[in-house]
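In what follows, a single structure is set out as structure tokens and then discussed.
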There are 2 protein chains.
Amino acid sequence: MARGRKPLPPDASRRSDLLRAAARLFVEKGFDATTTRDIAEAVGMRAGSPFYHFRSKQELLKAAMIGGLEAGAERLRAACADIADPEARLRAMVRAHLGNLLENECPAPMLLGETRALEAADRAEIAAAFDRYQHPWQTTLDALAASGKLASSAPPVRLLLFGMLNWTPQWYRSDGPLTLDQLAAACVELLLGQPPDRSVSG
Amino acid sequence: MARGRKPLPPDASRRSDLLRAAARLFVEKGFDATTTRDIAEAVGMRAGSPFYHFRSKQELLKAAMIGGLEAGAERLRAACADIADPEARLRAMVRAHLGNLLENECPAPMLLGETRALEAADRAEIAAAFDRYQHPWQTTLDALAASGKLASSAPPVRLLLFGMLNWTPQWYRSDGPLTLDQLAAACVELLLGQPPDRSVSG
DNA sequence: TAATTAACCAATCACTTGCTTGCTTAATTA
DNA sequence: TAATTAAGCAAGCAAGTGATTGGTTAATTA
């Protein structure tokens, strides 16, 4: 009952070390191709020790996904909290989401593809966390549609947008010709139509 | 030298049976989670027999990917070969690509994510096959940009479009409220701006 | 008919996997 | 100081893994 006074007793830091290492490896090599030995080695433990902190490999995946999604959702909220204009707001959200995907060491959204490694009950929890992540997007898209900047904000639009963004890790290289800000701008431009000062000729 | 007269000697049909089953299972459960025993069982063979037709599990994946990509590229060419108008052409290509992804029993593009299971040399071959698949897209996008219907056809545009489409298997259900034709239309509308008869009010 | 080959099976090998068990050490608490 | 607990290590198990081997069968060819 009266447990857990201290916010981060030294043990919890090792636990989150494991989570970070696992998330990184799962993204790099995939869930199945990552062994619990890999994860242990990545944090300087022996093969069996992670099982002191987590009951199973699946539990590690689940915790990494939910934790990463919540952290990402928090960054997303912070990035667009006080932006009223829907277009600027969308730009900020796209940029924040790309950041979550591409410049974070634990890109949780990329783990979504590994959900099939989990059981139905766990999948439901993941789905709930992902819904919380998606919610602010629909709000913003609705606002854009209402102001006429977007033709429609029906569900497929949000899903297509997510696809556009979530696929970027397949091809984007941070040492390439495109900064994340430029990429975010390109996305929004593609969605909303013309670039800043161009009018359709025809 | 003078081998292979007959187009499909009875043996080759078993080989392609294996390819089809492997592709389906790889997409369903992932490369690592699919055992060679699963594949053998799916075509009614015993555990060791697939290795008579393929040297390794990796070779099965590689052959399935390249074969699937070539077949998909062919369908793509057939779908848009004689369409001159760039917008109609894009719509046809999007529809064909969605077909390749969502209504084909061997959705090769979905296997692209499993490329990391292959060695560098094999990956290069896959990349070449994928380039052949991508080429007609860039041509069409350039035509759309030239006619002013698209703000830009720079490389990120093609990649973002592919993301939009390639992510659909994550959420699209063929028994859902959206037909593939409607989805294709929604994609094109999102890319090119207004729906058929709507003018921006503002 | 005899020789050859394609296609497959049965058995098994060498290895890896997730996970468990029993023990040790260091810190915390009484 | 004594008792307890958190944290981890060393070793290994049982189940599975991709792949190999040697043989069998039916069809094809000479």
Side-chain angles (χ1 to χ4, degrees), chain A residues 1-23 25-26 28-65 111 114 116-119 122, chain B residues 1-23 25-26 28-65 111 114 116-119 122:
Chain A
M1 289 297 189
R3 288 293 194 73
R5 246 12 120 53
K6 304 170 188 176
L8 268 187
D11 57 279
S13 96
R14 297 297 282 157
R15 189 187 143 98
S16 67
D17 284 350
L18 279 171
L19 278 177
R20 258 202 311 279
L25 287 168
F26 288 159
E28 259 177 39
K29 321 200 301 173
F31 178 76
D32 291 304
T34 302
T35 70
T36 56
R37 285 169 171 81
D38 291 339
I39 300 170
E41 193 184 12
V43 299
M45 283 181 186
R46 306 291 160 146
S49 301
F51 293 92
Y52 172 79
H53 299 271
F54 296 91
R55 218 165 314 168
S56 69
K57 191 189 176 189
Q58 271 91 352
E59 192 182 289
L60 243 168
L61 173 60
K62 180 179 147 189
M65 290 183 70
L111 286 174
E114 308 283 1
R116 59 183 162 196
L118 299 176
E119 324 240 326
D122 295 327
Chain B
M1 286 293 187
R3 288 292 195 76
R5 252 355 132 56
K6 305 171 186 175
L8 266 187
D11 57 281
S13 96
R14 296 299 282 158
R15 190 186 143 97
S16 67
D17 284 350
L18 280 170
L19 279 177
R20 259 202 311 279
L25 287 168
F26 288 160
E28 257 176 41
K29 324 200 298 173
F31 178 76
D32 290 304
T34 302
T35 70
T36 56
R37 285 170 171 82
D38 291 339
I39 300 171
E41 193 184 12
V43 300
M45 283 182 187
R46 305 292 160 151
S49 301
F51 293 93
Y52 172 81
H53 299 271
F54 296 91
R55 220 165 315 169
S56 69
K57 191 188 175 189
Q58 271 91 353
E59 194 182 288
L60 244 168
L61 173 61
K62 179 180 149 190
M65 290 182 69
L111 286 173
E114 308 284 1
R116 60 184 161 195
L118 300 176
E119 326 240 324
D122 294 328

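In this text the structure is predicted, and so the values were computed from the model without any measurement. Naming convention: chains lettered A, B, ... in sequence-line order (proteins, then strands); numbering from 1 in each chain.
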If a pair means Watson-Crick or G-U wobble with both distances below 3.5 Å, what does DNA chain C look like in dot-bracket form, with | marking bases paired to a different strand? ||.|||||||||||||||||||||||||||
Taking everything shown except A:Q58 itself, do over 12 heavy atoms lie less than 6.0 Å from its CD? yes
If the cut-off is 4.0 Å, is A:R46 near the phosphate of D:dG8, judged by side-chain N/O to OP1 or OP2? no
Are A:R15 and A:L18 packed together at the side-chain level, in the sense that at least one heavy-atom pair is separated by less than 4.5 angstrom? no
For the pair A:H53 and A:L60, evaluate side chain to side chain contact (heavy atoms under 4.5 Å, CB included) and give the outcome as yes or no after the intermediate values. CA-CA 9 Å; A:H53 299 271; A:L60 243 168; over 6 Å; no
For B:L19, does its backbone N or O pair with a side-chain atom of B:S16 as donor and acceptor, under 3.5 Å? no
Output the rounded distance in Å from CG (B:L60) to C1' (D:dA19). 13 Å
Nearest whole angstrom, please: distance from the P of D:dC9 to the CD of A:E41. 12 Å
Length of the line joining B:F51:CZ and C:dC9:P, which is rounded to integer Å: 14 Å
Atom CZ of A:F54 to atom P of D:dA6: distance rounded to whole Å? 16 Å
Is there a donor-acceptor contact under 3.5 Å from the side chain of B:R14 to the main chain of B:V43? yes
Would you confirm whether A:E59, through its side chain, and A:F54, through its main-chain N or O, come within 3.5 Å as a donor-acceptor pair? no
Quick one: closest heavy-atom pair of B:A64 and B:L111, and the distance? CB-CD1, 4.4 Å
Tell me which residues in residues 31-38 of chain A lie within less than 4.0 Å of DNA chain D, going by non-hydrogen atoms. A:R37
Can you check the B:H53 NE2 to D:dT20 P distance for me, whole Å? 15 Å
OH of B:Y52 versus P of D:dT25: gap in Å, rounded? 17 Å
Whole angstrom is fine here: how far is it from CZ in B:R55 over to C1' in D:dT20? 15 Å
Hey, is the main chain of B:G30 close enough, under 3.5 Å, to the side chain of B:T34 for a donor-acceptor pair? yes
Which whole-number value in Å describes the distance from A:M45 CE to D:dA11 C1'? 18 Å
Does A:K57 reach the main-chain N or O of A:F31 with its side chain, forming a donor-acceptor pair under 3.5 Å? yes
